[in-house]
Amino acid sequence: MSTPDVTATIAALVVYPVKSCAGVSVQEAVLTEAGLDLDRAGMVVDAAGEFVSQRELPRMALVRPQIRTFEIILRAPGMLALHLAIDAVEQPVRVRVWGDDVAAYDMGPVAAQWFSDFLGQPLRLVRFDPAHRRLSSLQWTGGVEAPNQFSDGFPLLVTSEASLEDLNTRLAAAGHAAVEMARFRPNVVLGGVAAHDEDRLGVLRIATAEGIAELKPVKPCARCPIPNIDPATAEASPAVGDTLQAYRQDARLKGAVTFGMNAIVPQGDGQTLRVGQVVVADFRFD
């Protein structure tokens with residue numbers, strides 16, 4: 001067997017129980033074909049059933065979840081904690097995310113009032129219907145059916161510590177403060193690779209207690225204005241986007257600014273990923 005080009009580690013795992021709210025750093029997470037368990041299982045929608053995000057409601061960054069055994073607890077400044085049972089939903093609804101009409105479950109009037117009060121407009125919280133099959137772009141998956149829940153389009157986002165370090169070096173050179181990885185909302189952060197190696201890697205193979213999990217990077221992640229939002233304050237400034245614009249325009253996406261790679265899960269449904277696990281991969285030369 002040939003030696004892999006890259007040997008890395010999982011430096012961090014992050015789950016986002018509610019789309020566009022803060023993430024939860026975890027030491028381990030169950031991998032499913034649709035991504036990490038509970039990731040983007042919840043979403044906030046407006047009165048028309050259309051999803052909302054930090055793009056128009058930056059205060060969503062201040063909603064901080066905790067994951068307990070049987071519930072998710074949401075906290076936000078000035079609000080009492082909202083407790084949501086993981087296995088309880090209310091009536092079925094249809095909602096829209098990035099043009100996709102998706103089956104979901106409404107999470108009830110208490111959750112709706114909580115988000116409406118904090119974010120200042122009529123909103124509801126919904127939970128993805130696991131019986132619904134929302135597929136990632138077949139163009140980018142090479143025809144492979146890769147389901148996801150309420151993510152922007154793919155089961156996982158992979159970044160690396162070195163990519164963030166490179167950005168922070170450039171920010172410092174321009175007189176700006178360093179930023180944290182939370183700005184980029186990844187699920188899997190790699191350690192032990194060079195800056196933006198994730199752009200060039202083929203299948204990431206991870207030996208778990210249950211077998212071999214595979215994560216396949218398939219599409220560069222085009223960045224919207226969300227990385228300009230400070231997750232600690234919900235205040236925006238253009239420094240991150242402007243800095244990335246100078247060196248991260250990606251020809252694969254017609255010059256869009258990218259950071260991180262969207263990935264699918266060819267193998268490993270039901271296996272457990274853990275911080276510190278070894279990741280091996282070869283460089284892709286397509």
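Note that the structure is a prediction, hence the values are computed from the model and not measured. The figures that follow rest on heavy atoms only: side chains count, while hydrogens, waters and symmetry mates do not.
Put simply, the side chain of Q121 does not reach to within 4.5 Å of the side chain of E56, judged on heavy atoms. Side-chain contact between L123 and L57 is present, with heavy atoms from C-beta onward closer than 4.5 Å. Between V18 and I72 there is no side-chain heavy-atom pair separated by less than 4.5 Å. By the 4.5 Å heavy-atom criterion applied to side chains, P17 and L74 are not counted as neighbours. By the 4.5 Å heavy-atom criterion applied to side chains, W98 and D152 are counted as neighbours. Residues V44 and F150 form no side-chain contact, since every pair of their non-hydrogen atoms from C-beta on lies 4.5 Å or further apart. Between D230 and R183, some side-chain heavy-atom pair lies under the 4.5 Å cut-off. In this structure the side chain of C224 reaches within 4.5 angstrom of the side chain of R55, judged on heavy atoms.
With hydrogens and angles disregarded, a donor-acceptor distance shorter than 3.5 Å links the side chain of R284 to the backbone of D199. Put simply, the side chain of Q267 gets close to the backbone of I212: a donor and an acceptor are under 3.5 Å apart. Judged by distance alone, the side chain of R248 and the main-chain N or O of T258 form a donor-acceptor pair under 3.5 Å. Distance alone, capped at 3.5 Å, places no donor-acceptor pair between the K219 side chain and the W140 backbone. Counting only distance, with no hydrogens or angles, the side chain of D5 and the backbone of F283 share a donor-acceptor pair below 3.5 Å. A donor-acceptor pair is defined here as one N or O able to donate and one able to accept, closer than 3.5 Å; such a pair exists between the side chain of R127 and the backbone of I86. Under the 3.5 Å distance criterion, the side-chain polar atoms of E198 are left unmatched by any main-chain donor or acceptor of T159. For the pair S160 (side chain) and A195 (backbone), a donor-acceptor distance under 3.5 Å is absent. Under the 3.5 Å distance criterion, the side-chain polar atoms of D106 are left unmatched by any main-chain donor or acceptor of E90. Between the D39 side chain and the V15 main chain, no donor and acceptor come within less than 3.5 Å of each other.
Once rounded to the nearest 0.5 Å, the distance linking NE2 of H176 with CG of L167 reads 10.5 Å. To the nearest 0.5 angstrom, E180 atom CD is 9.5 Å from N168 atom CG. Going from atom CG of D129 over to atom OH of Y105 covers 4.0 Å, rounded to the nearest 0.5 Å. Taking OG from S136 and CG from N262, the interatomic distance works out to 8.5 Å, rounded to the nearest 0.5 Å. One distance of note links CD of Q54 with CZ of R185; it measures 5.0 Å at 0.5 Å rounding. To the nearest 0.5 Å, the span separating CG on L119 from CG on D46 amounts to 12.0 Å.
Here the shortest heavy-atom pairing between C221 and L157 reads CB-CD1, 3.6 Å. When every heavy atom of A194 is checked against every heavy atom of A162, the shortest pair comes out as C-CB, 3.6 Å. Nearest heavy atoms, E214 versus P266: O-CD, 3.0 Å. A pairwise comparison of heavy atoms in T141 and V144 identifies OG1-O, 2.6 Å as the closest pair. What you find for P58 and I229 is that their closest heavy atoms are CB-CD1, 3.9 Å. Summarising the geometry of P231 relative to L62, their closest heavy-atom pair is O-CD2, 3.8 Å, with the distance given to 0.1 Å.
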Check against side-chain contact (heavy atoms from CB on, under 4.5 Å), T32 and V265: CA-CA 8 Å; T32 77; V265 185; over 6 Å; no
side-chain contact (heavy atoms from CB on, under 4.5 Å) assessment of V218 paired with S137: CA-CA 10 Å; V218 294; S137 167; over 6 Å; no
Check against side-chain contact (heavy atoms from CB on, under 4.5 Å), W114 and L125: CA-CA 9 Å; W114 194 91; L125 178 66; over 6 Å; no
Verdict with supporting geometry, L84 and E71, side-chain contact (heavy atoms from CB on, under 4.5 Å): CA-CA 5 Å; L84 301 168; E71 66 178 359; 5.9 Å; no
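Checked against V279 for a side chain to side chain contact (heavy atoms under 4.5 Å, CB included), the options V188, L273, L190, V158 give a single hit: L190. Put simply, the residue from V95, D100, V97 that forms a side chain to side chain contact (heavy atoms under 4.5 Å, CB included) with F51 is V97.
In the hydrophobic cluster analysis, where Ile, Leu, Val, Met, Phe, Trp and Tyr join through side-chain heavy atoms closer than 4.5 angstrom, V52 is grouped apart from V126. L31 and I10 fall within the same hydrophobic cluster, defined by Ile, Leu, Val, Met, Phe, Trp and Tyr side-chain heavy atoms under 4.5 Å apart, directly or through other members. V179 and V257 fall within a single hydrophobic cluster, where Ile, Leu, Val, Met, Phe, Trp and Tyr are joined by side-chain heavy atoms under 4.5 Å apart, directly or via other members. A continuous path of hydrophobic side-chain contacts links V93 to V102 [ILVMFWY only; heavy atoms under 4.5 Å]. Residue V24 is grouped with residue V63 when hydrophobic side chains (ILVMFWY) are merged at heavy-atom distances under 4.5 angstrom, including chains of intermediate members.
Using a 30° and 60° split on the angle between ring planes, H196 and F259 fall in the perpendicular class, above 60°.
The 12-atom threshold is not exceeded at NZ of K216, counting heavy atoms of other residues, nucleotides or ligands nearer than 6.0 Å.
At least one test fails for R40 against the ring of F128: distance under 6.0 Å to the centre or angle within 45° of the axis.
Under the 3.5 Å distance criterion, with hydrogens and angles disregarded, no donor-acceptor pair is assigned to the side chains of E28 and T272.
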